[in-house]
Amino acid sequence: MITVLARLTSRPGEHETLLAVLTAYADHVKTEPGTVVFQLFTEPESPRTVVAFEVYADQEALDEHARSPRRAELGRQMEELVESASLSWLEPLAGHGLPITSPR
């Protein structure tokens, strides 16, 4: 499994639009066969920030997700809506709810 944490901070005045765009995108992503989890969160202490927690079955699933036309469209929208973004690739350690497997 491959796990990604994306943190997006909207431009001032664009947060509601960003939320709408990402919510619609989440509806699309659930149709991708290799997407195990795609969950959006808000951060109460950072009101313009949205966090996406994403889990893909394998590298092939992540690659399919990344090169989809819908993902390219989202990228163009993000240029106008997002002030800053960061991606973190996460390695599983311990916990409950998802299989603890490493891509290595």
Taking the side chain as C-beta and beyond, is there a heavy-atom pair between S68 and E32 under 4.5 Å? yes
With rounding to the nearest 0.5 angstrom, report the CZ to CZ distance, R76 to R71. 10.5 Å
Nearest atoms (heavy-atom pairs only) where V36 meets A57: CG2-N, 3.7 Å
Does E73 have more than 12 heavy atoms from other residues, nucleotides or ligands lying within 6.0 Å of its CD? yes
Determine whether T9 and V50 satisfy the following criterion, side chain to side chain contact (heavy atoms under 4.5 Å, CB included), listing intermediate values before the conclusion. CA-CA 6 Å; T9 301; V50 179; over 6 Å; no
T23 (side chain) donor-acceptor with A20 (main chain) under 3.5 angstrom: no
Indicate yes or no: at least one non-hydrogen side-chain atom of Q59 is less than 4.5 angstrom from one of I2. yes
For the backbone of P47 and the side chain of H15, can you confirm whether one donor and one acceptor N or O come within less than 3.5 Å of each other? yes
R70 CZ to D27 CG distance, which is reported to the nearest 0.5 Å: 9.5 Å
If I take atom CG from residue L8 and atom OG from residue S84, how far apart are they, to the nearest 0.5 angstrom? 8.0 Å
Heavy-atom check, side chain of L90 versus side chain of V4, under 4.5 Å: no
Would you check, one step at a time, whether the test side chain to side chain contact (heavy atoms under 4.5 Å, CB included) holds for Y56 with M1? CA-CA 6 Å; Y56 300 93; M1 296 222 178; over 6 Å; no
One should read off an interatomic distance between L22 CG and L18 CG, to the nearest 0.5 angstrom, of 4.5 Å
Taking the side chain as everything from C-beta on, heavy atoms only, tell me whether V21 gets closer than 4.5 Å to M78. yes
Can you list every salt bridge (charged side-chain N to carboxylate O under 4.0 Å, His left out) pair that touches residues 38-55, not counting sequence neighbours? R7-E43, R48-E83
Measuring only between side-chain heavy atoms, which start at C-beta, is L19 closer than 4.5 Å to T42? yes
Return the orientation label for the H65 and F38 ring planes: parallel under 30°, perpendicular over 60°, tilted otherwise. tilted
Is the closest side-chain heavy-atom distance between W89 and L62 below 4.5 Å? yes
Testing the basics here: between T49 and S46, what is the closest heavy-atom pair and its distance to 0.1 Å? OG1-OG, 2.7 Å
Any L5 side-chain heavy atom under 4.5 Å of V51 side chain: yes
